[in-house]
Amino acid sequence: MEKLEQLYEGKAKKVFKTDDPDVLIVDYKDDATAFNGEKRGTIVGKGVINNKMSNRVDQLLEKEGVPTHFIKELSDRETAVKKVDIVPLEVIIRNVAAGSFSKRLGVPEGTPFDEPTIEFSYKNDELGDPLINSYFAVAMKLATWDEIDTIKKYAFKVNDVLKAYFLQADIKLIDFKIEFGRYHGQIILADEISPDTCRLWDVHTNEKLDKDRFRRDLGNVEEAYNEVFHRLGL
Ligand code: ADP
Ligand code: UDP
């Protein structure tokens, strides 16, 4: 497979065409952004960690019946993926109150839920990824009801699989964001699952092992990413 011209440079990854119209190559950068791009920085080694973690998780999810875009890891930072038509929704699952949930609703960070929640944001940087519901998504023709049903089913399955995966590394999965796409008419999991897109807390101390260390200037950012990488045996 041949890597051709760059199609897109996002905040965390570059995306390249290949000689196969169904295949893209994603290249994970060390660039970090937060608050819709207002805060910028570098997390040394992040690209390698996110690439490897996302690929390992995708392979695990495939085994558990969730189809993903993963094809093949090409290098430390590059992976061949199925080219999808991205559904412009950020799908967020939460097991414990944190972040925007706590801020918006006044529920203290760290409050556990009896059952996970799901929410959707409209993926649109100019609008700041506003929170919407499934009726908005259908009205705006971002997805069909069938697609929303499939996305919900897969998202909760991802949560079940990931909770167990992290727990064996003494990590609590607080919340995460995922994206889906259409590949030859089928909904599959796309984008990445990494400490950039998940909240991960140490089971014993509740120490934050994710991008909140960068967002909130907590220090030891690289150390936290490395800790997750090593605990997961990646
Ligand atoms: P952003 O666009 O938010 O800055 P990234 O830097 O992660 O994010 O860029 C990756 C882009 O590629 C995202 O817009 C994401 O939706 C898109 N993407 C991820 N996986 C795929 C895929 N399999 N096919 C097509 N696009 C993808
Ligand atoms: N998230 C993400 N990308 C976004 C927004 C959120 O990956 O553009 C992740 C974030 O890392 C967290 C979860 O989604 O794991 C829930 O984020 P929240 O809504 O609490 O937003 P934040 O506190 O980041 O504003």
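Each ligand, and each atom within it, is numbered from 1 in the order the structure gives.
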Legend entry - Option nearest atom 17 (O) of ligand 2 (shortest heavy-atom distance, choices E192, R104, R199): R199

Legend entry - Distance from atom 4 (O) of ligand 1 to nearest protein heavy atom, with residue and atom: K11 N, 2.6 Å

Inset, instruction - Check each heavy atom of D85 against ligand 1 and say whether those closer than 4.0 Å belong to the side chain, the backbone, both or neither. - result: neither

Inset, instruction - Do me a favour and list the nearest non-hydrogen protein atom to atom 15 (C) of ligand 1 with residue, atom name and distance? - result: D191 OD1, 3.3 Å

Legend entry - Shortest heavy-atom approach to atom 9 (C) of ligand 2 - which of K211, K177, R216: K177

Inset, instruction - For the pair R215 and D212, evaluate salt bridge (Lys or Arg N to Asp or Glu O under 4.0 Å) and give the outcome as yes or no after the intermediate values. - result: CA-CA 5 Å; R215 291 191 192 98; D212 271 347; 2.6 Å; yes

Inset, instruction - Show your reasoning for whether salt bridge (Lys or Arg N to Asp or Glu O under 4.0 Å) applies to D31 and K14. - result: CA-CA 11 Å; D31 300 358; K14 295 178 185 171; over 6 Å; no

Legend entry - Contact (N/O only, under 3.5 Å) between E119 and ligand 2: no

Inset, instruction - Look at ligand 1 and say whether Y183 reaches it with a heavy atom at a distance under 4.0 Å. - result: no

Inset, instruction - Answer with side chain, backbone, both or neither: which part of D210 has a heavy atom less than 4.0 angstrom from an atom of ligand 2? - result: neither

Legend entry - ring pair (Phe, Tyr, Trp, His ring centres under 6.0 Å): pairs with one or both residues in residues 49-106, sequence neighbours excluded: F101-F113

Inset, instruction - In plain terms, say whether K46 and E192 are close enough for a salt bridge, that is, a side-chain N and a carboxylate O under 4.0 Å apart. - result: no

Inset, instruction - Please work out whether any backbone atom (N, CA, C, O) or any side-chain heavy atom from C-beta onward of H69 is under 4.0 Å from ligand 1, and answer side chain, backbone, both or neither. - result: side chain

Legend entry - Protein heavy atom at shortest distance from atom 13 (C) of ligand 2: D175 OD1, 3.5 Å

Inset, instruction - Do me a favour and list the nearest non-hydrogen protein atom to atom 11 (C) of ligand 1 with residue, atom name and distance? - result: Y8 CE2, 3.6 Å

Legend entry - Element-labelled atoms of ligand 1 that are located less than 4.0 Å from some non-hydrogen atom of A12: 5 (P), 6 (O)

Legend entry - K82 with D20: basic N within carboxylate O range, under 4.0 Å: no

Legend entry - Ion pair check, D217 and K39, cut-off under 4.0 Å: yes

Inset, instruction - Under 4.0 Å from a heavy atom of G99: give me the atoms of ligand 2 that qualify, with their elements. - result: 20 (O), 23 (O)

Inset, instruction - Run the salt-bridge test on R199 and D210 with the 4.0 Å N-O cut-off and return the result as yes or no. - result: no

Inset, instruction - List every atom of ligand 2 that sits less than 4.0 Å from any heavy atom of D196, numbering the atoms from 1 in the order shown and giving each element. - result: 7 (O), 11 (O)

Legend entry - Nearest candidate to atom 10 (C) of ligand 1, where distance is taken over non-hydrogen atoms, out of E9, K13, R182: K13

Inset, instruction - Any chance you could lay out the salt bridge (Lys or Arg N to Asp or Glu O under 4.0 Å) test for E227 and R213, step after step, and finish with the verdict? - result: CA-CA 13 Å; E227 177 73 22; R213 300 207 73 85; over 6 Å; no

Inset, instruction - Record the part of R215 in heavy-atom contact with ligand 2 below 4.0 Å; permitted values are side chain, backbone, both and neither. - result: side chain

Inset, instruction - Would you check if the side chain of D129 reaches a backbone N or O of N124 as a donor-acceptor pair within less than 3.5 Å? - result: yes

Legend entry - Whether over 12 other heavy atoms sit under 6.0 Å from Q6 CD: yes

Inset, instruction - For atom 26 (N) of ligand 1, state which one of V15, V26, I86, T197 supplies the nearest heavy atom. - result: I86

Inset, instruction - Check whether any side-chain heavy atom of V57 sits under 4.5 Å from a side-chain heavy atom of L162, and report yes or no. - result: yes

Inset, instruction - Could you state whether L234 and V44 fall into the same hydrophobic cluster, counting links through intermediate Ile, Leu, Val, Met, Phe, Trp or Tyr residues with side-chain heavy atoms under 4.5 angstrom apart? - result: no

Inset, instruction - Do me a favour and list the nearest non-hydrogen protein atom to atom 19 (O) of ligand 2 with residue, atom name and distance? - result: S100 OG, 2.6 Å

Inset, instruction - Please examine the side chains of K13 and K29, heavy atoms only from C-beta on, and report whether any two atoms are closer than 4.5 Å. - result: no

Inset, instruction - Check whether the side chains of D76 and Y28 place a donor and an acceptor atom closer than 3.5 Å, and report yes or no. - result: no

Legend entry - Common cluster, F166/L189, ILVMFWY with side-chain heavy-atom separation under 4.5 Å: yes

Inset, instruction - Would you mind telling me if ligand 2 is within reach of the side chain of S121, the backbone, both or neither, using heavy atoms under 4.0 Å? - result: neither

Inset, instruction - For K123 and ligand 1, answer yes if some heavy atom of the residue is under 4.0 Å from a ligand atom, otherwise no. - result: yes

Legend entry - Test item: side-chain donor near acceptor, S100 and R94, under 3.5 Å: yes

Inset, instruction - Classify the angle between the aromatic ring planes of Y154 and F180 as parallel (below 30°), tilted (30 to 60°) or perpendicular (above 60°). - result: parallel

Inset, instruction - Compare E179, E192, K14 and give the one whose heavy atom is closest to atom 16 (O) of ligand 1. - result: E179

Inset, instruction - Could you tell me whether V81 approaches ligand 1 through its side chain, its backbone, both or neither, with non-hydrogen atoms closer than 4.0 Å? - result: side chain

Inset, instruction - Please identify which atoms of ligand 2 are closer than 4.0 Å to at least one heavy atom of C198. - result: 15 (O)

Inset, instruction - Report, in ascending order of atom number, the atoms of ligand 1 lying under 4.0 Å from any heavy atom of L24. - result: 24 (N), 25 (C)

Legend entry - Nearest neighbour of atom 22 (C) of ligand 1 from the list D31, D27, V84, on a heavy-atom basis: V84

Inset, instruction - Give the contacting part of K103 toward ligand 2: side chain, backbone, both or neither, where contact means a heavy-atom distance below 4.0 Å. - result: neither

Legend entry - Sub-3.5 Å N/O-N/O distance, K82 and ligand 1: yes

Inset, instruction - Would you check whether D212 reaches within less than 4.0 Å of ligand 2, judged by its heavy atoms? - result: no

Legend entry - Heavy-atom nearest neighbour in the protein, as seen from atom 8 (O) of ligand 2, with distance rounded to 0.1 Å: E90 OE1, 3.1 Å

